[in-house]
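Have a look at the structure below, then the notes.
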Amino acid sequence: MTHNLLKGKRGIIFGALNEDSIAWKVAVKAVEEGASITLSNTAMALRMGQLNELSEKLNAPIVVADATSIEDLEKVFAESQKILGGKIDFVLHSIGMSPNVRKHRTYDDLDYNYLQKTLEISAISFHKMLQVAKKQDAIAEYGSVVALTYIASHRTFFGYNDMADAKSLLESIARSFGYIYGREKHVRINTISQSPTPTTAGKGIKDIDNMMDFADKMSPLGNASAEDCANYCVMMFSDFTRKVTMQTLFHDGGFSSMGMSLRAMNQYAKDLDAYKDENGHVIYG
């Protein structure tokens, strides 16, 4: 069911790779809700993934770019405005990669060249994207920019490694740039802290299945899926959130507010009998 939340709006989706990508789901949902979009990713991602398939399905042109390159980003925003016929109303930054994670380097034995690449790709690219857009005056008034983050920016999670540092920087950029862009152009900038999700990048995190299972057991509403995240992004792109900016918005089924849940506690118990009342009903309090 669609609501035409983005009817007449123009957007750029960075980072879609394949059907597992949150960015892929966001692109599909945005078009369903009436938007016209362009897609952007690297030439290598284009060869590795299925972006051409998505482009054809959505009638969404691809503008190939390395998001760490100012020149490439200038091309993305300039060409997207020409293709879509006006200023951009929304942008999704769904870009993240850690060579240290891929190479199984632990946090106390980082390769600093890899760390620099992690920060450049996963966070500094966001600043470059915003700076280019602002200098081109490419984003329409009350436009919306969203970047995807994770709660490891606030708390330590086994295996998340230097990506936690990158996400912390990403969120700081959203706040610092959000003030300037909001005051000068009324553009709003937010990050969405999503549940652990089995994207291509997510699957590279050590024991991602266990992380997802733990989060699901801890969260009152369970983990938020990629499809759920796409719906949330569309809402953030819409006019219903025109006064929301500089926020880290937790989209994780309540995980970020939990300390211990019964389902998680049950991992350490043999059964639920100790948590039932005299009628056999589970007591969640």
Side-chain angles (χ1 to χ4, degrees), residues 1-43 45-46 49-67 72-95 125-126 128-148 181-182 185-192 226-242 244-245:
M1 181 178 179
T2 60
H3 303 84
N4 287 321
L5 291 179
L6 303 181
K7 185 176 181 180
K9 292 190 181 296
R10 309 174 184 93
I12 305 174
I13 304 295
F14 287 89
L17 180 67
N18 54 39
E19 290 184 339
D20 292 333
S21 307
I22 293 175
W24 182 292
K25 311 287 188 187
V26 174
V28 170
K29 189 66 179 177
V31 170
E32 286 179 356
E33 291 295 334
S36 301
I37 65 170
T38 59
L39 303 164
S40 187
N41 211 325
T42 63
L46 211 60
Q50 301 153 344
L51 197 57
N52 283 318
E53 175 187 325
L54 183 64
S55 173
E56 292 176 11
K57 176 182 177 180
L58 302 181
N59 191 28
I62 300 169
V63 185
V64 178
D66 175 352
D72 282 8
L73 289 169
E74 289 172 343
K75 181 181 71 173
V76 173
F77 281 97
E79 290 192 11
S80 292
Q81 289 178 85
K82 289 179 183 177
I83 291 167
L84 300 175
K87 290 186 179 183
I88 306 304
D89 296 294
F90 63 87
V91 178
L92 177 72
H93 179 285
S94 181
I95 302 168
S125 63
F126 189 44
K128 290 180 177 180
M129 193 178 292
L130 293 166
Q131 185 164 292
V132 165
K134 185 173 181 292
K135 287 186 175 181
Q136 286 190 9
D137 195 20
I139 299 179
E141 188 168 338
Y142 286 103
S144 175
V145 183
V146 169
L148 299 182
Y181 222 157
K185 298 289 184 178
H186 295 133
V187 171
R188 58 199 197 272
I189 304 171
N190 296 283
T191 58
I192 292 176
E227 289 81 4
D228 293 328
C229 189
N231 289 330
Y232 196 23
C233 287
V234 164
M235 186 270 290
M236 291 305 301
F237 296 153
S238 78
D239 290 336
F240 286 105
T241 54
R242 283 163 66 96
V244 181
T245 194

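Index from 1, following the sequence.
One distance of note links OG1 of Thr2 with NZ of Lys7; it measures 10.5 Å at 0.5 Å rounding. With rounding to the nearest 0.5 Å, the separation of CD1 in Ile22 from CG in Leu92 is 8.5 Å. Here the straight-line distance linking atom CD1 of Ile139 with atom NE2 of His186 works out to 14.5 Å at 0.5 Å rounding. The structure places CD of Glu32 at 11.0 Å from CG of Asn4, a figure rounded to the nearest 0.5 Å. The CD1 atom of Ile62 sits 4.0 Å away from atom OG of Ser55, with the distance rounded to the nearest 0.5 Å. How far CG of Leu73 is from OG of Ser125: 8.0 Å, rounded to the nearest 0.5 Å.
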**Study point:** Residue pair Glu79, Thr38: steps toward the side chain to side chain contact (heavy atoms under 4.5 Å, CB included) verdict
**Key:** CA-CA 9 Å; Glu79 290 192 11; Thr38 59; over 6 Å; no
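With hydrogens and angles ignored, the 3.5 Å screen pairs no side-chain donor or acceptor of Asn18 with any backbone N or O of Gln50. At distances below 3.5 Å, not a single donor-acceptor pair connects side-chain atoms of Arg10 with backbone N or O atoms of Ser36. No donor-acceptor distance shorter than 3.5 angstrom exists from the side chain of Thr191 to the backbone of Ala147, with no hydrogens or angles considered. With hydrogens and angles ignored, the 3.5 Å screen pairs no side-chain donor or acceptor of Ser21 with any backbone N or O of Trp24. A donor-acceptor distance shorter than 3.5 angstrom exists from the side chain of Gln136 to the backbone of Glu74, with no hydrogens or angles considered. Formation of a donor-acceptor pair under 3.5 Å by the Tyr142 side chain with backbone atoms of Val187 is not found in this model.
No side-chain heavy atom of His93 sits less than 4.5 Å from a side-chain heavy atom of Leu148. You'll find the side chain of Glu227 stays beyond 4.5 Å of the side chain of Lys29, heavy atoms only. A heavy-atom distance below 4.5 Å is found between the side chains of Tyr232 and Ile192. No side-chain heavy atom of Arg188 sits less than 4.5 Å from a side-chain heavy atom of Tyr181. The closest side-chain heavy-atom distance from Val63 to Ser80 is below 4.5 Å. Using a 4.5 Å heavy-atom cutoff, the side chains of Val234 and Leu6 are in contact. Residues Leu46 and Val64 have side chains in contact (heavy-atom distance under 4.5 Å, counting atoms from C-beta outward). When side chains are defined from C-beta on, Lys9 does not count as touching Phe237, because their heavy atoms never get closer than 4.5 Å.
The environment of NZ in Lys185 is sparse: at most 12 heavy-atom neighbours from other residues, nucleotides or ligands sit within 6.0 Å.
Shown here for Cys233 and Val146, the closest heavy-atom pair between the two residues is SG-CG1, 4.3 Å. Of all the heavy atoms in Val244 and Asn190, the pair that sits closest is O-ND2, 2.9 Å. Glu33 and His3 make their closest contact through OE1-N, 3.0 Å (heavy atoms, listed as atom of the first residue, atom of the second, distance). Between Thr241 and Met236 the shortest heavy-atom distance is OG1-O, 3.0 Å. Of all the heavy atoms in Ala23 and Ala16, the pair that sits closest is CB-N, 3.4 Å. For the pair Pro61 and Ile37, the tightest heavy-atom approach, listed with the atom from each and the gap, is CD-O, 3.7 Å.
Shown are Ile95, Val76, Val145; of these, the side-chain contact (heavy atoms from CB on, under 4.5 Å) with Met129 is made only by Ile95.
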